[in-house]
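Worksheet for the structure shown next.
In this text, all values refer to a predicted model and were calculated from it rather than measured experimentally. Keep in mind that the numbers below use all heavy atoms, side chains included, and drop hydrogens, waters and symmetry copies.
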Amino acid sequence: MKVTNIFDLSENNKINCSKNISSNNFKEFAVELSKDWLNILQGKSFLQDSLSAITVASVALPLNIALAVACGLPASSGLLAGAIGGGLAAIFGGARLQVTGPAAALNVMVLAITKDYGPIGVCFACLVIGCFQILLSFISAGKFIKYVPEAVLAGFTTGVGIKLLDSQIPQLFGFDYSILHILKSVNDYRWLHEVSWFAVICGLFVAFLVTACKSFKRLPASFIAIVIVTALSAHLNWNIERVGAIPNFLPFPSFPWVASDKMINLILVTIPLAFLASVESLLSAQAIDRMTNFKKPHNSNLELLGQGIGNLGSGLVGGMPVSGVIVRSTVNVQSGAKTRLSAFLHSILLISSILYFSQIMEAIPLAALSGLLCVVGFRLVEFKSFYHLIKENKFQALSFLVTAVGTTSGHLMLGLFLGICIYFLNRLFHKRNFDEKLLEKNSHSKSKKIRALIDTIDKKENLLKKKHINLEKEKNSWFEQIRDKASFAASSFVHHKASIIGKVILGEQVHIAAESSIRADEGTPFYIGNNSNIQDGVVIHALKEKWVTVGEDDWAVYIGENVSVAHQALVHGPCYIGNNSFIGFQAIVHDSIIGSHCYIGIGAIVVGVEIPSGKYVPHGSVIDSIDKVDLLPIVTDAHLHFNDDVVEVNKGLVKAYKKHNNNLSDSKINLLNLGAKLNLQSDKF
């Protein structure tokens with residue numbers, strides 16, 4: 001077989017190679033899109049997609065207007081961006097349920113372009129972003145998204161959130177003072193005389209309703225709040241600033257010409273924004289994959305193509321830069337959308353609002369939009385991530401902080417560059433340090449065959465274990481291990497169709513579901529902590545004479561408190577799973593240490609590694625090396641809340657099952673008593 005060295009290719013061969021790559025990509029994109037749209041035209045999910053589109057449009061409309069106004073642009077720029085850019089991205093994108101529009105994460109950089117180059121400069125920037133994203137698509141750059149450090153992105157979004165709050169809180173009060181000026185004048189109450197209290201009422205009402213309705217995922221709270229405030233303020237003739245004129249027609253596409261002496265500088269300023277919009281879109285697409293559990297994940301390169309076409313369309317009609325947005329996309333999924341038709345119909349509804357409801361939208365109070373953006377800004381600030389990084393990795397926390405400070409202070413590129421450098425220097429240092437510690441740990445525990453030494457353990461768990469059984473370090477024969485009985489708290493429930501063999505200790509309110517198999521016959525003993533649940537079809541087993549040491553005790557498998565092991569998962573020792581972690585459906589965890597507050601995705605495989613606390617393992621991924629562990633993203637609040645919900649549900653099921661069993665026992669006793677009475681009566685006859 002002939003092997004060709006790519007570096008020996010001639011220029012013509014290189015050109016032909018790149019053409020082949022581009023043509024192959026184009027064919028692949030065309031085939032995927034045609035299949036998708038042919039399925040949609042069959043109309044199987046038209047009703048669900050239509051209803052979802054209405055909900056998403058209700059959420060997107062006020063956000064699009066608010067973000068445009070916050071960037072110093074006309075409200076129509078945000079509406080056109082969501083309608084045209086969002087529609088084109090829905091047609092050509094690679095993430096079926098992604099919704100595209102103006103994004104808060106892009107706000108800081110778009111505002112800077114508006115100040116220096118005006119609305120025409122923003123439209124030109126859209127074209128630059130579009131061309132950049134299409135280029136990335138055809139060179140298959142979408143796969144490199146996983147190398148963007150999570151700490152840097154979290155620091156950036158935190159900086160954006162702080163900047164958004166800084167710009168919108170004064171707008172909420174109806175004056176031009178900055179937050180810094182208000183803080184300096186805290187003892188001087190004269191600024192209170194300039195507050196527009198009608199504006200404050202509008203903004204606080206919107207912020208309150210959006211926050212209060214957070215748990216109602218499908219309710220377009222922002223839309224409802226702004227409709228109420230607009231109607232009330234118009235009816236009572238409140239003297240407050242409003243959105244202003246919105247054209248009730250779609251502009252004809254035209255090229256946004258920029259002065260030649262400014263063009264190069266504008267392009268250079270826009271490249272980081274193009275990179276950011278691409279990363280934002282692909283991260284949002286990844287998050288949607290987690291929620292939907294589609295067998296086939298999004299096509300990142302096709303998604304870049306769709307986003308590029310969307311930005312080109314937005315720039316040609318006077319819009320602003322767009323990207324895939326997690327908030328609108330989440331609403332789309334939670335509203336029951338099945339195909340890309342939902343995102344496309346959402347853009348049609350936005351176009352309809354421009355044509356038929358522009359006069360109504362002109363009356364929206366700016367303070368109401370500020371109230372909405374304050375909520376968005378506050379949600380962007382990731383204090384929990386920063387606190388987690390401080391505990392787990394000081395260098396990553398520093399990377400987060402440097403990026404956030406750079407974004408907030410206006411030195412965005414410097415902050416991003418320093419944040420990325422700190423992250424990768426730490427990764428290099430951590431890898432060397434880890435290798436040394438691993439060698440030391442292996443030499444220390446090799447003789448005892450111990451997978452890992454875990455020092456921290458809840459005292460309550462220790463008391464519980466000693467209360468139930470006195471653990472013996474020496475290993476018994478196979479017969480004795482099989483003969484060992486499980487020991488568990490009275491508040492726990494084990495389904496009669498579950499199988500538990502050997503020395504297994506269950507804490508309080510543990511739920512063992514039907515068809516699960518917990519075999520401590522080879523590797524032993526097992527421990528499952530308070531409030532944990534082992535769902536249908538789960539298998540827990542372990543290798544012989546291999547343990548994790550928790551506190552002073554050796555365990556073949558140790559599962560902490562508030563842990564969920566979902567249907568048909570395999571946990572194979574030696575293994576440790578920390579408190580409040582979730583193991584997804586059909587996932588495999590073997591010879592590994594899983595920290596607390598982790599989320600292992602559906603079908604993921606974790607073998608021979610130690611995963612720090614607070615990490616997310618994506619669906620279907622294989623994590624079998626320290627390099628792959630380093631790339632794992634931080635677990636989201638949605639994942640943690642999901643596990644909390646699963647734990648609460650199973651605690652309720654434990655009580656229900658136990659009550660049901662007690663009722664069955666009472667029924668059997670009553671039947672026996674009734675039989676005895678009937679026998680007595682028959683004797684009389």
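Side chains of Q535 and H567: a donor-acceptor N/O pair is present below 3.5 angstrom, by distance only. For the 3.5 Å distance criterion, the side chains of N580 and S596 fail to qualify, holding no donor opposite an acceptor. Defined by atom type and a distance below 3.5 Å, a donor-acceptor pair is missing between the side-chain atoms of N531 and E508. Under the 3.5 Å distance criterion, with hydrogens and angles disregarded, a donor-acceptor pair is assigned to the side chains of D521 and H541. Donor-acceptor pairing under 3.5 Å is recorded for the side chains of D554 and T549. Inspection of the T100 and Q307 side chains reveals an N or O donor paired with an N or O acceptor under 3.5 Å. Judged by distance alone, the side chains of H511 and N533 never bring a donor and an acceptor atom under 3.5 Å apart.
What you find for C213 and A221 is that their closest heavy atoms are CB-CB, 3.7 Å. Scanning all heavy atoms of the two residues, the minimum distance from S516 to A513 falls at OG-O, 2.7 Å. The heavy-atom pair separating A566 from V538 by the smallest distance is O-CG2, 3.1 Å.
Relative orientation of the Y527 and W555 rings is tilted, given thresholds of 30° and 60° on the angle between their planes. Classification of the F493-Y657 ring pair by plane angle, with boundaries at 30° and 60°, yields parallel.
Under a cut-off of 6.0 angstrom, the local environment of CZ in F386 is crowded, with over 12 non-hydrogen atoms contributed by other residues, nucleotides or ligands.
Under the 4.5 Å side-chain criterion, counting only non-hydrogen atoms from C-beta, V571 is in contact with V557. Two residues are said to be in side-chain contact when any heavy atoms from C-beta on lie closer than 4.5 Å; L543 and D591 fail this criterion. At least one side-chain heavy atom of E32 sits under 4.5 Å from a side-chain heavy atom of L302. Between S323 and L106 the shortest side-chain heavy-atom distance falls below 4.5 Å. You'll find the side chain of N579 stays beyond 4.5 Å of the side chain of N562, heavy atoms only.
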Steps toward side-chain contact (heavy atoms from CB on, under 4.5 Å) verdict (S278, L304): CA-CA 7 Å; S278 304; L304 285 173; 3.7 Å; yes

side-chain contact (heavy atoms from CB on, under 4.5 Å) assessment of F526 paired with K503: CA-CA 6 Å; F526 294 176; K503 191 184 293 184; over 6 Å; no

From CA spacing to verdict: side-chain contact (heavy atoms from CB on, under 4.5 Å), F156, V152: CA-CA 6 Å; F156 169 75; V152 172; 5.5 Å; no

Evaluation steps, side-chain contact (heavy atoms from CB on, under 4.5 Å), between I626 and V609: CA-CA 7 Å; I626 183 61; V609 293; over 6 Å; no

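Judged by distance alone, the side chain of H590 and the main-chain N or O of H572 form a donor-acceptor pair under 3.5 Å. Formation of a donor-acceptor pair under 3.5 Å by the S281 side chain with backbone atoms of G324 is found in this model. Under a 3.5 Å cut-off, the side chain of S517 and the backbone N or O of V539 do not form any donor-acceptor pair.
Applying the ring pair (Phe, Tyr, Trp, His ring centres under 6.0 Å) test to F582 and every residue at least two apart in sequence or in another chain returns Y599, F642.
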